Amino acid sequence: MKDIYEDFDRAVCLRGEGRAKKETQWLKVVYGFNEPQLPNNVSSPNFSRIFATNTTAFELLVLKRKIMGPCWLQIKNPQVDNKGVSCTRTIVNHRENIREIVCATARIWSNIDIDDPTPPEALPCTVRTFVRPLDRFPPNFEVRASGNGKGLISPMKNERMLLNSLLVTIHRADPDVIVGHEFLGVSLDVLLHRMRELKADHWSRIGRFRRSRWPPIGRQGTNLRFLSGRLLGDLASDGAKDMITSTTWSLTEMCKTHLKSDRQDIDPDDTASYFDGGVSSPERLLTFVRHCELDAHYQMALAAKVQILPLTRQLTNLAGNSWNKTLNGGRAERNEYILLHEFHRLKYVCPDKLWGKKSAVAAKAENEDGDAEGGKTTKGKRDKYKGGLVFEPKRGLWDKYILVMDFNSLYPSIIQEYNIDFTTVESVEVDADGEEKIPEPPSSEVPQGVLPRLIATLVNRRRQVKSLMKDKKATPAQLLQWDIKQMALKLTANSMYGCLGFEYSRFYARPLAALTTFKGREILTHTRELAESMQLDVVYGDTDSVFVNSNVTELAEALKISAEFKKAVNDRYKLLEIDLDGIFQRLLLLQKKKYAAVKVEDGSRTSTEVKGLDMKRREYCVLSKTVSQYVLEQILSGEATEAVVERIHEYLTTIGEDVRGGKIKLDEFIIFKRLGKNPEDYPDAKSQPHVQVALRMKARGLTARAGDVIPYVFCIGEGGETAKTAQADRAKHPDEVRRSSDELKIDYEHYLAHQILPPIERLCEPIEGTDRARLAECLGLDPNRYRSAAESEERYFGTLDSLMSDAERFKDAEPFLVRCRSCRGQVAFAPISDRESSLLLPSGPACPACQSALGTASLQVQLETQIRGHIAKYYESWTVCDDPTCGNRTRMMGVYGRRCLRQGCRGTVAFEYSDATLYNQLRFYLSLFDAEKAVKTSTGSKADEVKALVDLQGDFLRTMAATAEKYLNQSGRRWVQLSTLFSFMKM
RNA sequence: GCUGUGAGCGU
DNA sequence: ATTACTATTGACGCTCACAGC
Ligand SMILES: [Mg+2]
Ligand SMILES: [Mg+2]
């Protein structure tokens, strides 16, 4: 082997379990990357282990040269930055169901300084758009295109020419950065496949690495390597999504929220209509081309607005990783590199990167855990250790000042405060019961560890930057740059903790993470106790905050209390710092992590702060959010409850009418849900609306991949579905609804019952004077279906001491029909207190028609037969639809389904003969032979008569009652089970 | 109510 | 007119909808 040199080096090994091993002697061997990699598990009498056999060239270069992110390696070039934006339009070739390129815009800015806050529209750029016909261009299109304003439009003969010209443009401009929206996931994928298919010239010019032979094109969204040498800033990448607050990250939405521009949405299925040489006009195609031009601008404007490039550069400079990785997202790698740099500098040997495996520690813990599967969350991911503490909220509407006291970056502070580090914390024993114990923090003599010092450095640098920002003479450009810097420092410090508990991390150290959160819980508990010792009421708290009820109505007094409390808390810690995060004038505390408040801004201004409520979630449509917003405003208005409740009821009534009257636009009904996996990978796609919609999108040639946010609307079923699939199948893409022109109708009832009512009900839960049934009624929904279980039960059976008479209670019960063997007549067994109709005489039961006696045994058999008939009917499980226009009666359904099976009907089915009906029937039979009740319900002179009768016929009554009771007990137990187990049936 | 699945808010 | 390869994942705490039992 050549190129080898040897060198003894003292180093400390950082392996696995918490504390680093002792300093030992190492032999450093270096050889070229042209030689094969050594296996990492070999040993010999001369050495026990080899480390870093699989270190990548990138890691080595960056560490050895101490390269901390983007910088010039040879200082000979002037600062040149060339940014390009590409925007492509594709069309689905339905014959082969593949996507082709029809239009592409390259918008190029040259010599840009990314820290320059000037918006892109104020900077010069060149615009070049290539467009090709599907068959032929509309007449005169070429002429009209040449007269386009700023941007150059180049009509191309075919797709291959388009691609070639695009490649030439990219080659000439040779951009350092490509900015796009869904470029990696969509555009690049189509570009690559089309370039290969059509044998485009110099295809590798899309990147800076020249190739002639095509390497395999990987899975969609994984082909970043084709762009080697250029940076890709994709607005839809995970990295960008973390920086942009948006529900869908669609271009249209981000333009609206971040640029205040109304971007026109184009239904992909309409693309062909713009191109049709016969139908379309040149103007129409031009609008399409200009739309493409404009999108390229929007993408750049958004990138500038959210500052992806400057921020990712700062993050990369801090961590010393690759800029492209930061742009693409994934925090773990940044964290890994910042630690690699630090440990390398201090001459530690770091744990090797394990490809495709969890870290050694994680794998070991897995074996020990065995099948003792802990609390699973998603994708079989277990919770590995305990996290933050959340106090049980004291629910309700608070109207005295509430002080929100919050620890400043709790976890980074804890790591510093307790000197938590790989090198300082002793490894822990595993308990007998497999429970891992929390390690002890080191004693105060132990010198500061690597991690605490790293975080301290970051925090100090941030403090310096923030003090710079206070300078009055600072230019806006400087301020912006400093703000980005301090943001990057904060993000970096805050992400250190997360990676300690990350099982795939090279620096995985679960005990350290567990210790950090443990201290967090301890601190929060102590903080609460301190507040209570100061006679302060803590109404809520989450991980690093306590909500203190000041119980005063004067702001100055509240501030005084907060200052006292703050001092009391901060005196207990060296570094840890609590601060007043905000003051709430009113607070509606609904659940853990769910509340709304009127926050006092400086002086007299206020703002509303909402956390965790349904209206913050993308799965609730705009309409639902609007209604929630109104209701919330009323509740927080501070006015008298009656007035508030009345206004809410009124509002809901008009909403119900407006919705049913079709006065609300389609956009207000759109629901969003993200695909957690690719749509094909769902085991039960049938029951998931967003998956169904995504699958249909794919069938039409559009893309729908893991991570995409799918919009959909619930429509009225067209029929042909089974009960199981009905709900999900009724979800349609908004474009489908728009295209269908009245074919598809929005399911207004569904929206009222599932999107509007539940959030409102949750908001009003602590409000006196209204309830679910009342709210449902206002919306025009059947209040009975929304009554609470207790209420429904009352309505069924009456309360125990109800005034409801038996006649009322049993009005729907079927009578006990007695057949006389002599005269073959049939008569109902009337209540015995009803002396005129009853067939029970003091001498015994007798036929009212022929006066012959009826035997006890005969009556008993007849009763049993009829009871069995009812029970059989119950088990037949006939269901009937509640929609009066349908009335479908069937037993086709699964026992627990509720949807009507009939095509096109949206009714809800209930058991025609329900458990409640059966129960009531049996109680009716029993009541017929209830001596005590008969006496009680009789009045005046009748009472004596009845009393005498039941005394004489006691045996008969007891026999019959026992018969009824036997079945009642059997079925009664069944009923109790059903009513408690399947409480949903009594909604 | 339990189980499972799927959502995504919160710190 | 030269390579080429995986794989890709910050933590935990809490609520909600749906299907099935
Ligand atoms: Mg905090
Ligand atoms: Mg907080």
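From a predicted model like this one, the values you see are computed outputs, not experimental measurements. Each chain gets a letter, A, B and so on, in the order its sequence line appears, and its residues count up from 1.
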Asker: According to side-chain contact (heavy atoms from CB on, under 4.5 Å), who are the partners of A/Glu577, at least two apart in sequence or on a separate chain?
Answerer: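 If we apply the side-chain contact (heavy atoms from CB on, under 4.5 Å) test to A/Glu577, skipping adjacent residues, the hits are A/Asn408, A/Asn570.
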
Asker: Is A/Thr222 touching bases, backbone alone, or none of the nucleic acid, heavy atoms closer than 4.0 Å?
Answerer: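 The answer is base, as A/Thr222 lies within the cut-off (heavy atoms under 4.0 Å) of a base atom.
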
Asker: Cation over ring, A/Lys673 on A/Tyr712, under 6.0 Å and within 45°?
Answerer: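 No; the conditions do not both hold, so A/Lys673 does not lie above the ring face of A/Tyr712.
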
Asker: State which residues pass salt bridge (charged side-chain N to carboxylate O under 4.0 Å, His left out) with A/Arg331; sequence neighbours excluded, sorted by chain then number.
Answerer: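 With neighbours one apart ignored, the set is A/Asp242.
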
Asker: Report yes if the ring of A/Tyr504 lies under 5.5 Å from the six-membered base ring of C/dT9 with planes under 30°, and no otherwise.
Answerer: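 Whether judged by distance or by angle, A/Tyr504 passes, so it stacks on the base of C/dT9.
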
Asker: Among C/dC14, B/A7, C/dG10, find the nucleotide with the atom closest to the side chain of A/Lys592.
Answerer: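 Nearest to the side-chain atoms of A/Lys592, counting from C-beta on, is C/dC14.
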
Asker: Does anything in residues 329-336 of chain A come within less than 4.0 Å of DNA chain C? Heavy atoms only, and list the residues if so.
Answerer: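 Those residues whose heavy atoms fall under 4.0 Å from DNA chain C, taken from residues 329-336 of chain A in numerical order, are A/Gly330, A/Arg331, A/Ala332.
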
Asker: For the ring pair A/Phe669 and A/Tyr751, is the centre-to-centre distance below 6.0 Å?
Answerer: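 Yes, the ring of A/Phe669 comes within the 6.0 Å limit of the ring of A/Tyr751, centre to centre.
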
Asker: Please check the phosphate of C/dT8 (OP1 and OP2 only) for any side-chain N or O of A/Lys325 closer than 4.0 Å.
Answerer: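 No, because none of the side-chain N or O atoms of A/Lys325 sits under 4.0 Å from OP1 or OP2 of C/dT8.
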
Asker: Which one, B/U11, C/dA11, C/dA4, comes nearest to the side chain of A/Asp542?
Answerer: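 Closest nucleotide to the A/Asp542 side chain: B/U11.
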
Asker: Tell me, please, which residues at least two apart from A/Thr525 pass side-chain contact (heavy atoms from CB on, under 4.5 Å).
Answerer: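 Expected list: A/Leu389, A/Glu529.
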
Asker: Within 45° of the ring axis of A/Phe391 and under 6.0 Å from its six-membered ring centre, is that where the NZ or CZ of A/Arg528 lies?
Answerer: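 Satisfied, under 6.0 Å and within 45°.
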
Asker: Atom CZ of A/Arg617 and atom C1' of C/dC14: how far apart are they, to the nearest Å?
Answerer: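 In whole Å, C/dC14 C1' lies 10 Å from A/Arg617 CZ.
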
Asker: If only side-chain N and O atoms of A/Tyr540 are considered, is one of them under 4.0 Å from the OP1 or OP2 phosphate oxygen of B/G10?
Answerer: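 For A/Tyr540, the contact criterion (side-chain N or O under 4.0 Å from OP1 or OP2 of B/G10) is not met.
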
Asker: Write down the distance between NZ (A/Lys386) and P (C/dG13), rounded to a whole number of angstrom.
Answerer: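 It is 6 Å, rounded to the nearest whole Å.
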
Asker: Listed by chain and number, what are the ring pair (Phe, Tyr, Trp, His ring centres under 6.0 Å) partners of A/Trp203, not counting sequence neighbours?
Answerer: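 Partners of A/Trp203 under the ring pair (Phe, Tyr, Trp, His ring centres under 6.0 Å) test: A/Trp214.
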
Asker: Applying a 4.0 Å non-hydrogen cut-off, can you work out what A/Gly501 is touching in the nucleic acid: base, sugar-phosphate, or nothing?
Answerer: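 Answer is sugar-phosphate: A/Gly501 comes under 4.0 Å of backbone atoms only.
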
Asker: Starting the side chain at C-beta, find the nucleotide from C/dA4, C/dA11, B/G10 nearest to A/Tyr385.
Answerer: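 My answer, after comparing the listed nucleotides, is C/dA11.
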
Asker: When rounded to the nearest Å, what value does the distance between P atoms of B/U11 and C/dT9 take?
Answerer: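 After rounding to an integer number of Å, I get 26 Å for this pair.
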
Asker: At under 4.0 Å between heavy atoms, what does A/Arg225 touch on the DNA or RNA strands: base, sugar-phosphate, or nothing?
Answerer: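 Nothing: the residue A/Arg225, judged by heavy atoms under 4.0 Å, touches no strand.
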
Asker: As a test of reading the structure: which of B/U11, B/G8, B/G6 is closest to the side chain of A/His690, going by heavy atoms?
Answerer: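 Among B/U11, B/G8, B/G6, the one nearest the side chain of A/His690 is B/G6.
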
Asker: For A/Phe391 and B/U11, give me the distance from atom CZ to atom P, rounded to whole Å.
Answerer: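 Atom CZ in A/Phe391 sits about 15 Å away from atom P in B/U11.
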
Asker: Without decimals, in angstroms, what is the distance between A/Arg674 CZ and C/dA17 P?
Answerer: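 Distance check: A/Arg674 CZ to C/dA17 P gives 20 Å.
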
Asker: Mind checking if A/Arg211 touches a base, just sugar-phosphate, or nothing, with heavy atoms under 4.0 Å?
Answerer: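 Here A/Arg211 touches no strand at all.
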
Asker: Are A/Lys593 and C/dC14 close enough that a side-chain N or O sits under 4.0 Å from OP1 or OP2?
Answerer: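 No, because none of the side-chain N or O atoms of A/Lys593 sits under 4.0 Å from OP1 or OP2 of C/dC14.
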
Asker: Would you indicate, yes or no, if C/dC16 has its OP1 or OP2 atom less than 4.0 angstrom from a side-chain nitrogen or oxygen of A/Gln591?
Answerer: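 Yes, such a contact exists.
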
Asker: At under 4.0 Å, does any side-chain N or O of A/Arg762 touch on OP1 or OP2 of C/dA17?
Answerer: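 Result: yes.
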
Asker: Over how many whole Å does the gap from A/Arg521 atom CZ to B/U11 atom P extend?
Answerer: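 Interatomic distance, CZ of A/Arg521 to P of B/U11: 19 Å.
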
Asker: Is A/Arg618 near enough to B/A7 that one of its side-chain N or O atoms lies under 4.0 angstrom from OP1 or OP2?
Answerer: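 No.
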
Asker: Name all residues meeting the salt bridge (charged side-chain N to carboxylate O under 4.0 Å, His left out) criterion together with A/Arg762; count only those two or more places apart in sequence or in a different chain, and write none if there are none.
Answerer: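 So A/Arg762 forms a salt bridge (charged side-chain N to carboxylate O under 4.0 Å, His left out) with A/Asp614.
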
Asker: Round to the nearest Å and state the distance from A/Met496 atom CE to C/dG10 atom P.
Answerer: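 It is 15 Å, rounded to the nearest whole Å.
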
Asker: Output the rounded distance in Å from CD (A/Gln727) to P (C/dC18).
Answerer: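 So the CD-P distance, A/Gln727 to C/dC18, works out to 5 Å.
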
Asker: Categorize A/Tyr411 for me: base, sugar-phosphate, or nothing, with a 4.0 angstrom heavy-atom threshold over every strand shown.
Answerer: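 The residue A/Tyr411 makes no contact with any strand.
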
Asker: Over 60° means perpendicular and under 30° means parallel, so classify the ring planes of A/His750 and A/His754, tilted if in between.
Answerer: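 A/His754 vs A/His750 ring planes: parallel.
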
Asker: Of the options C/dT3, C/dA19, B/A7, whose atoms approach the side-chain atoms of A/Lys673 most closely?
Answerer: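 Nearest nucleotide to the side chain: B/A7.
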
Asker: Is A/Lys594 near enough to B/C9 that one of its side-chain N or O atoms lies under 4.0 angstrom from OP1 or OP2?
Answerer: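 For B/C9, OP1/OP2 do not have a side-chain N/O of A/Lys594 under 4.0 Å.
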
Asker: Go through C/dC14, B/G6, B/U11 for me and flag the one nearest to the A/Lys677 side chain.
Answerer: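 That would be B/G6.
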
Asker: Go through the N and O atoms of the side chain of A/Arg210 and the base of C/dT3, and report whether any donor-acceptor pair is under 3.5 Å.
Answerer: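 Counting by modelled atom types and ignoring angles, no donor-acceptor contact under 3.5 Å is found here.
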
Asker: Please tell me which of the listed nucleotides, B/G6, C/dC12, B/A7, lies nearest to the side chain of A/Lys384?
Answerer: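 Between B/G6, C/dC12, B/A7, the one nearest the side chain of A/Lys384 would be C/dC12.
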
Asker: Of all the choices, C/dA4, B/U5, C/dC16, which nucleotide is nearest to the side chain of A/Gln688 once you look at every atom?
Answerer: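 When the side chain of A/Gln688 is considered, B/U5 is the closest of C/dA4, B/U5, C/dC16.
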
Asker: Take atom NZ of A/Lys611 and atom P of C/dG13, then tell me their distance rounded to the nearest Å.
Answerer: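 A/Lys611 atom NZ is separated from C/dG13 atom P by 20 Å.
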
Asker: Under a 4.0 Å N-O cut-off, is there an ion pair linking A/Asp542 with A/Lys592?
Answerer: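 Salt bridge: no.
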
